[in-house]
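Indexing begins at 1, ligand by ligand and atom by atom, following the structure's order. Heavy-atom basis, side chains included; hydrogens, waters and symmetry copies ignored.
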Amino acid sequence: MIYETHAHYDDEAFAEDREVLLAGLPEKGIGRVVNIGASLTSCETTLKLMEKYPHVYGAIGIHPSETAELNEENFARLKIWCMHEKCVAVGEIGLDYHWPEPERAIQKKWFIRQLELARELKLPVVIHSRDAAKDTVDIMREQHAEELGGIIHCFSYTKETAEVFLDMGFYIGIGGVITFKNAKKLKEAVEFIPLEKIVVETDSPYLAPEPNRGKRNNSLNLPYIIDEIAAIKQVTREEVEKITWENAEKIYDCV
Ligand code: NI
């Protein structure tokens, strides 16, 4: 069975077939799905999905690009949602400097607040970091993120940066980009990262792997990602499935 560690089935891209798709995943080999919140609205839908499906769990958090919507009042609500028994992480949280908005000070403020929230609730974190490696590492160090643990999702940096996150005890989330022909840097990083520290994810509906690149993504594409990792690591796909499942179980406490 394959463990999908990061998907956004709350997304409107799944408006037509969300229920059929999600309900059918276990019989097609996707044994567990963690739906990841990114905005207040998507967190509310995530709660509904994890209450409806036994194999669906959730992470509750606000993506850096959505942090402008946060204030003390709704942050208090976010905390209550995080206390749901099927909420297995705070996320996705972090920094995204690819876009100019929201300004960096706002992103940093709410990244720190959500790391503090994870500490208070004893939950791991799912980190989104894009074009912001240095500030992400600095804040994680200041906040002693090594005591929280979690996943660096959709890892897109060099193997040197991977080493920094591994030293903090984090797992690395590998998605569809690994199948792209031009992903040389990422393939090098995967060669370097021990299989015992890798988890697989689709980030659906985004970032579909080859041969479905450009189309809407869903968890049924995970075997393409697994095959690519198996080829790089020179192990069988069964081995990658098994180890990445065990890794995910060590991070997400699914009851
Ligand atoms: Ni995501």
Side-chain angles (χ1 to χ4, degrees), residues 2-15 18 21-22 25 30 32-47 49-50 56-70 78 81-82 87-99 101-102 107 110-111 114-115 118 123-133 136 140 150-157 165 170-180 183 186 198-209 212-222 224-225 244 248 251-252:
I2 300 173
Y3 201 129
E4 162 72 283
T5 62
H6 193 118
H8 301 279
Y9 282 105
D10 52 277
D11 195 281
E12 62 190 15
F14 295 108
R18 177 181 298 117
L21 194 52
L22 266 178
L25 289 178
I30 314 299
R32 199 171 285 163
V33 175
V34 177
N35 201 75
I36 308 283
S39 64
L40 291 163
T41 311
S42 85
C43 286
E44 285 187 288
T45 313
T46 297
L47 288 163
L49 294 176
M50 64 204 212
V56 176
Y57 290 75
I60 297 291
I62 306 298
H63 185 288
S65 301
E66 306 288 338
T67 44
E69 70 173 343
L70 280 171
L78 196 73
W81 295 344
C82 284
C87 172
V88 293
V90 174
E92 58 189 287
I93 62 173
L95 300 172
D96 193 324
Y97 293 169
H98 185 73
W99 309 107
E101 299 288 332
Q107 293 192 36
W110 292 109
F111 182 27
Q114 293 183 94
L115 287 169
L123 285 170
V125 288
V126 177
I127 304 280
H128 171 105
S129 178
R130 187 177 186 196
D131 299 342
T136 305
M140 286 173 71
I151 298 169
I152 309 297
H153 130 77
C154 194
F155 183 78
S156 59
Y157 298 129
F165 290 124
F170 272 73
Y171 289 78
I172 308 292
I174 300 297
V177 177
I178 193 65
T179 66
F180 298 174
L186 184 61
I198 290 176
V199 292
V200 292
E201 60 170 59
T202 59
D203 206 17
S204 294
Y206 313 106
L207 292 171
N212 294 320
R213 188 172 181 178
K215 297 185 190 154
R216 184 189 73 169
N217 201 1
N218 73 72
S219 305
L220 298 175
N221 284 323
L222 280 165
Y224 298 115
I225 295 163
T244 55
I251 307 159
Y252 294 141

With a 4.5 Å cut-off on side-chain heavy atoms, are Val34 and His6 touching?
no
Regarding [X], does it place an N, O or S atom less than 2.8 Å from the Ni ion (ligand 1)?
X	answer
Cys154	no
His63	no
Glu92	yes

Exam field: side chain Tyr57 to backbone Thr5, donor-acceptor pair closer than 3.5 Å:
no
Tyr252 vs Arg32, side chain to side chain contact (heavy atoms under 4.5 Å, CB included): CA-CA, chis, key distance, verdict:
CA-CA 11 Å; Tyr252 294 141; Arg32 199 171 285 163; over 6 Å; no
Under a 3.5 Å cutoff, is there a donor and acceptor pairing between the side chains of Glu69 and Ser39?
no
Answer key: the N, O or S atom of His8 nearest to the Ni ion (ligand 1) is NE2
The atom of Asp203 among N, O or S that is nearest the Ni ion (ligand 1) is OD1
For a quick test of reading the model, state the closest non-hydrogen atom pair linking Leu78 to Cys43 and the distance between them.
CD1-SG, 4.2 Å
